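Notes follow the structure.
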Amino acid sequence: MTAAVETGLTTTIHGDRVSLLRVLGPAHVWALGVGIVLVGEFTGWNFSADKGGALAALIVCWIVGLLYTSVAMIDSEVTSTVAAAGGQYAQAKHIVGPLMAFNVALFLVFAYTMLEVSDAILLGDTIVAKAGVEGLTHNSFIAATIVVLAWLNYRGVLMTLNVNFVITAIAYVSIVILFFSVSPWTQGAVLKLNELVTPGNALPYGWIGVIAAFQFGIWYYLGIEGTTQAAEEVRSPARSLPYGTMAGMITLLIAAAMTWYVCASLMPWEYLGITYYPLWDAGKLTGSPLLENLLFIATLLAALASANGCINDAARAWFSLGRDRYLPSWFSAVHPKYRTPYRSILFLLPIALAFAFIADLNQAITFSILSGVLQYTFMSINIMMFRKKWPLGTIRRGYTHPFHPLPAIVLFCLCMVTFFAIFLGFGSQLIAMTVFYFLISLWFHFYRYRFVRRGDQFSMPWPKPQGY
């Protein structure tokens, strides 16, 4: 008979440590990153047109693409070297220190949980809009989405990401099909970009509108850094993480450009900036029932893939906090059969449900964006400290990003612009969240830190840092 015994940090069976399974390859990393982000092409990015017009949405598409390219390069270097569950949290605890690590983990959990909430709301609203039944609400669809996906994550990471790969690929192919179905090389046949984006309305609010558009321009790519959360479950982190992450970023840049071009060529910016379903609406405007139904299904699949990946990533960040005693070690248990952080998955389930029922889509998106940008700001500092403490040649790196320190500087500057953009649109929410993170940092410093075993949390056999 098998006896399972709980230790302070993990679950053991007959004294053997039960760890997360290393079963993932580059395709799974791609599916995790692109799966989380692709929903941003189906909704969210278009709110940037409301802030600054259609041309502003295109400008921030490419500038924010530069921000996330920097994120992907920096993340690939550090995570391929620090291959542990928790991604950026694991990086922070090894390179900066406990307080930063605790905050980074919270940024991750809230960014992914609120993105999951946004996905569930989108899916519910899309089904209600399609059904057209009076009195039908989205609550039952939201609850079913979150609960079923939590169960899928509970049962195993390989099955979870295999599902993500399939539905993400279908959703992505739908964008490509839409693009080539509207005669993209022949303006005037179906697309009318020259009529809809004119010198008179290209930037209706001037350059301040472009800056304001950064807030929702983040949605084009938000979550690509989630590839690092599965670092402990990847067969070859040094190979799979950089390949999967950079391939995902290239995929998303292409999808973002195609999405903007089609939507801005079919809808006036005033409508584009307020609709919840830009790609589905684009499918309707082509006049093809096949494209309309394809984009409806793809919107649902993109929301499912994103929520699925978010549950995976948020649970691993929470699990990592428990394993290192930043939170009670009860959260660090690994399921003896499915080898998943099942307690973290179950704990975060009611939190996601609660937010899904009390928040609207704009609030949920903003909460996720702000938590994400706080994390990116840390990453720009983190890579500078990493290169200073362990210069090239002192430790083995799976990947070395080029042009250092330029990506870190670009990332930091663009994060500052995004904070200002969020302040312009949601200043009170920005202040409230800043106060929240400050107060919980005080709680960690004065109460929880005493439970942390500093010597036990470092897993990398690195030499002493330069200058110490």
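What you see is a predicted model; the values in this text were computed from it and never measured. Numbers for residues simply follow the sequence, beginning at 1.
For residues 165-191, every residue pair satisfying the side chain to side chain donor-acceptor pair (under 3.5 Å) rule, not counting sequence neighbours, is listed here: Gln187-Tyr261. Within the structure, every pair that satisfies the ring-ring contact (aromatic ring centres under 6.0 Å, His included) test and touches residues 56-79, not counting sequence neighbours, is listed here: Tyr68-Tyr221, Tyr68-Tyr376. The side chain to side chain donor-acceptor pair (under 3.5 Å) contacts involving residues 134-152 comprise Asp125-His138, where partners must be two or more places apart or lie in separate chains. Applying the side chain to side chain donor-acceptor pair (under 3.5 Å) test to residues at least two apart or on different chains, none of the pairs has a partner in residues 36-48.
Remark: aromatic rings of Phe347 and Trp318 are close, center separation under 6.0 Å. Between Phe420 and Phe214, the gap from one ring centroid to the other reaches at least 6.0 Å. Centroid-to-centroid, the aromatic rings of Phe436 and Phe367 stay 6.0 Å apart or farther.
Inter-residue side-chain proximity for Leu123 and Ile142 is flagged as unmet; no heavy-atom pair is nearer than 4.5 Å. Counting heavy atoms from C-beta outward, Ile254 and Ile250 have side chains that approach closer than 4.5 Å.
The main-chain N or O of Ala364 is never found under 3.5 Å from a side-chain atom of Ser368 such that the two would form a donor-acceptor pair. Using a distance-only test at 3.5 Å, with no hydrogens or angles considered, no donor-acceptor pair links the side chain of Tyr112 to the main chain of Asn312. In terms of modelled atom types and a separation under 3.5 Å, the side chain of Glu77 and the main chain of His401 share a donor-acceptor contact.
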Please tabulate, for side-chain N and O atoms in residues 160-167, each donor-acceptor pair with protein atoms closer than 3.5 Å (sequence neighbours left out).
residue : atom : partner : partner atom : Å
Thr160  : OG1  : Leu152  : O            : 3.1
Thr160  : OG1  : Gly156  : O            : 2.7
Asn162  : OD1  : His28   : NE2          : 2.9
Asn162  : ND2  : Leu158  : O            : 3.2
Asn164  : OD1  : Asn308  : ND2          : 2.8
Asn164  : ND2  : Ala305  : O            : 3.2

Show me the donor-acceptor pairs, under 3.5 Å and distance only, between side chains in residues 201-213 and residues at least two apart or in other chains.
residue : atom : partner : partner atom : Å
Asn201  : OD1  : Thr198  : N            : 2.9
Asn201  : OD1  : Thr198  : OG1          : 3.4
Asn201  : ND2  : Leu196  : O            : 3.1

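Other residues, nucleotides and ligands contribute over 12 non-hydrogen atoms within 6.0 Å of the OH atom of Tyr437. Crowding of Phe412 atom CZ: a count of heavy atoms from other residues, nucleotides or ligands under 6.0 Å not exceeding 12.
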Using the side chain to side chain contact (heavy atoms under 4.5 Å, CB included) rule, take Val29 and Tyr243 through it: C-alpha gap first, then chi angles, then the decisive distance, then the call. CA-CA 8 Å; Val29 174; Tyr243 282 1; over 6 Å; no
Start with the C-alpha gap between Thr259 and Phe179, add the side-chain angles, then the distance that decides, and say whether side chain to side chain contact (heavy atoms under 4.5 Å, CB included) holds. CA-CA 8 Å; Thr259 298; Phe179 181 78; over 6 Å; no
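Tyr326 and Phe444 have parallel rings, their planes meeting at less than 30° on a 0 to 90° scale where 60° marks the start of perpendicular.
With hydrogens and angles left out, the side-chain atoms of Thr126 and Trp280 include no donor and acceptor closer than 3.5 Å.
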